[in-house]
Amino acid sequence: APRLAIDDVSFTYPGGSEAVVDRWSQTFVAGTVTALTGPSGCGKSTRLYLLALLARPTAGRVLLDGVPVERLSDPVRARVRAHRFGFVFQDAVLDPTRTVLDNIVESVLYRHEDPATFVGRAVELMDRVGVEVPLHRRPAQISGGQAQRIALCRALLADPDVVFADEPTGNLDRATADVVMGAMRDHAAAGGCVVIVTHDPTVAAQADVHLDLGPQAA
Ligand code: ADP
Ligand code: ADP
């Protein structure tokens with residue numbers, strides 16, 4: 001059974017006149033990396049929000065391990081996100097008041113786990129994605145590409161069942177992008193389900209499944 005299934009989902013933004021997502025069906029299987037591509041404005045980020053339970057479909061169903069989740073209450077959906085999902089959004093928002101290490105390990109507070117027990121894992125992940133910054137640095141003192149990889153370490157820290165990443169290689173050179181995709185592929189190989197949005201064909205080619213959403217229907 002798929003980890004996530006989108007079943008005939010449509011989505012219109014409040015006040016919007018047309019559906020950004022129109023009768024979309026798709027499954028996402030554990031052990032795979034899926035890349036969503038397509039022109040700007042075609043609804044890639046919106047699809048990621050629907051999958052990540054950050055937006056609710058206007059119509060249709062979203063199933064997690066076969067269970068419909070689109071109508072669950074906000075607190076229950078937040079709990080599902082915290083326990084099962086990891087996110088890397090485009091601007092890789094780190095907390096500017098916290099150190100690099102705390103930004104990574106304090107994400108487990110959402111899961112009611114002890115950040116102190118995740119320090120070794122955080123250092124391991126930083127090494128895996130090739131980010132060499134002192135653990136006590138603040139986000140203002142590191143580059144955008146480093147911040148993006150720190151955000152990825154945060155997302156992977158607790159081995160979430162699903163990882164969502166919006167342009168995870170956006171600020172990175174080719175070699176570093178390959179390292180990041182390697183980490184995504186490792187996560188999938190270990191049984192995770194990874195869904196990314198990218199505009200980079202080389203990155204999309206490294207995914208197991210490539211969904212090209214094409215131009216928006218007129
Ligand atoms: P992509 O990620 O492919 O660039 P998006 O999912 O961000 O596309 O956006 C799809 C469409 O939805 C665009 O036409 C965009 O202008 C519109 N849109 C995105 N966010 C909102 C919003 N909060 N309210 C209204 N329209 C939005
Ligand atoms: P809100 O907009 O409701 O304040 P956020 O956008 O900060 O929430 O995050 C949405 C949900 O995703 C949170 O309720 C939380 O459950 C989860 N979440 C956010 N950041 C993380 C993180 N770094 N690690 C794990 N879960 C997170």
Side-chain angles (χ1 to χ4, degrees), residues 2-29 32-64 69-75 77-78 80-81 84-94 144-145 147-149 151-152 154-156 160 162-172 176-177 180-181 183-184 187-188 192-218:
R3 177 68 81 202
L4 274 165
I6 294 286
D7 179 19
D8 204 18
V9 161
S10 297
F11 181 80
T12 306
Y13 278 101
S17 55
E18 60 184 54
V20 171
V21 176
D22 189 20
R23 308 202 66 170
W24 181 42
S25 293
Q26 186 70 49
T27 56
F28 298 83
V29 179
T32 64
V33 178
T34 299
L36 306 180
T37 62
S40 183
C42 75
K44 302 181 294 295
S45 299
T46 303
R47 281 173 172 82
L48 211 59
Y49 297 147
L50 289 162
L51 280 163
L53 312 188
L54 292 166
R56 281 180 202 275
T58 311
R61 300 201 308 171
V62 177
L63 301 119
L64 176 63
V69 289
E70 76 282 349
R71 289 199 183 79
L72 297 176
S73 69
D74 288 341
R77 284 159 61 92
V80 170
R81 289 194 299 270
R84 312 232 13 223
F85 296 170
F87 305 94
V88 192
F89 289 127
Q90 215 155 352
D91 27 20
V93 202
L94 301 178
Q148 204 167 23
R149 282 173 288 158
L152 176 60
R154 178 177 64 188
L156 294 175
V162 191
V163 172
F164 300 99
D166 201 340
E167 297 285 5
T169 63
N171 296 317
L172 307 178
T176 310
V180 162
M181 281 307 286
M184 297 292 196
H187 188 72
C193 181
V194 178
V195 185
I196 68 169
V197 164
T198 184
H199 68 271
D200 183 337
T202 307
V203 167
Q206 294 172 50
D208 302 292
V209 181
H210 179 186
L211 301 179
D212 188 359
L213 300 165
Q216 208 177 349

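Below, all heavy atoms of this structure are taken into account, side chains as well, without hydrogens, waters or symmetry copies. Only a predicted model underlies this, so the values are computations on that prediction, with no experimental measurement involved. All ligand and atom numbering here is 1-based and tracks the order in the structure.
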Please determine whether any non-hydrogen atom of Gly41 lies less than 4.0 Å from an atom of ligand 1.
yes
Set of side-chain contact (heavy atoms from CB on, under 4.5 Å) partners for Thr37, sequence neighbours left out:
Thr198, Ala204, His210, Asp212
Under a heavy-atom criterion of less than 4.0 Å, does Gly16 contact ligand 1?
no
Any residue meeting side-chain contact (heavy atoms from CB on, under 4.5 Å) with Pro160, in chain and number order, not counting sequence neighbours:
Val163, His187
Are Arg81 and Asp74 close enough for a salt bridge, meaning some N to O gap below 4.0 Å?
no
Output the list of atoms in ligand 1 that are nearer than 4.0 Å to some heavy atom of Val20, sorted by atom number.
10 (C), 11 (C), 12 (O)
Just by modelled atom types, is the Ile196 backbone N or O under 3.5 Å from a matching donor or acceptor in the Lys44 side chain?
no
Under 4.0 Å from one or more heavy atoms of Ser40, ligand 1 contributes atoms 4 (O)
